[in-house]
Amino acid sequence: MAAKKKLVRSRTNRLVGGVLGGIADYFGWNAKLLRLIYVIMTISIPFMHVVLGLLVYVILMTFIPLDDAQPTGTSFGDLFGFGRGGQQTNPKADRKVIHDVTEHDVHHKDGE
């Protein structure tokens with residue numbers, strides 16, 4: 001049985017709050033194209049164009065939950081997307097893992 005898709009804000013595909021990245025992921029659209037269309041529509045609407053576009057974005061950011069499938073530590077920067085450069089970081093990704101290691105005692109000649 002396929003997992004049910006949920007509309008969530010993206011943690012990895014985000015510039016500001018992850019709203020448009022989450023919508024693009026949900027519908028399978030290109031996020032960059034969706035952002036471009038959103039900006040063009042926000043600028044071109046004659047009635048309070050920019051204010052209305054920002055208000056709609058803030059409302060969506062408030063009511064669409066953040067993606068819990070990829071948990072990361074929360075910070076103030078995560079709220080606006082500038083924490084960690086908008087990308088999820090894994091602190092253990094840079095660590096090397098050594099397998100099949102045996103421990104040997106080291107004996108010094110001078111008795112130390």
Of all the heavy-atom pairs spanning Gly21 and Ala31, show the shortest one and how long it is. CA-CB, 4.4 Å
Which atom pair, heavy atoms only, marks the closest approach of Leu15 to Arg35? CD1-CD, 3.4 Å
Give a yes/no verdict on a cation-pi contact between Lys6 and Tyr26, requiring under 6.0 Å between NZ or CZ and the six-membered ring centre and an angle within 45° of the axis. no
Using modelled atom types only, decide if a donor and an acceptor are shared between the side chain of Tyr38 and the backbone of Leu33 within a distance under 3.5 Å. no
Side-chain donor/acceptor of Arg9 to backbone N/O of Gly17, under 3.5 Å: yes
Name of the residue among Asp67, Ile23, Val19, Leu66 meeting side chain to side chain contact (heavy atoms under 4.5 Å, CB included) with Val8: Asp67
When rounded to the nearest 0.5 Å, the distance separating CG of Leu36 from CG of Leu20 is 11.0 Å
Pairwise distance CG(Asn13) to CG(Asn30) - rounded to 0.5 angstrom: 9.0 Å
Does [X] share a hydrophobic cluster with [Y], counting links as ILVMFWY side-chain heavy atoms below 4.5 Å and allowing steps through other members?
{"X": "Met41", "Y": "Trp29", "value": "no"}
{"X": "Ile43", "Y": "Tyr57", "value": "no"}
{"X": "Leu7", "Y": "Ile59", "value": "no"}
{"X": "Phe27", "Y": "Ile64", "value": "yes"}

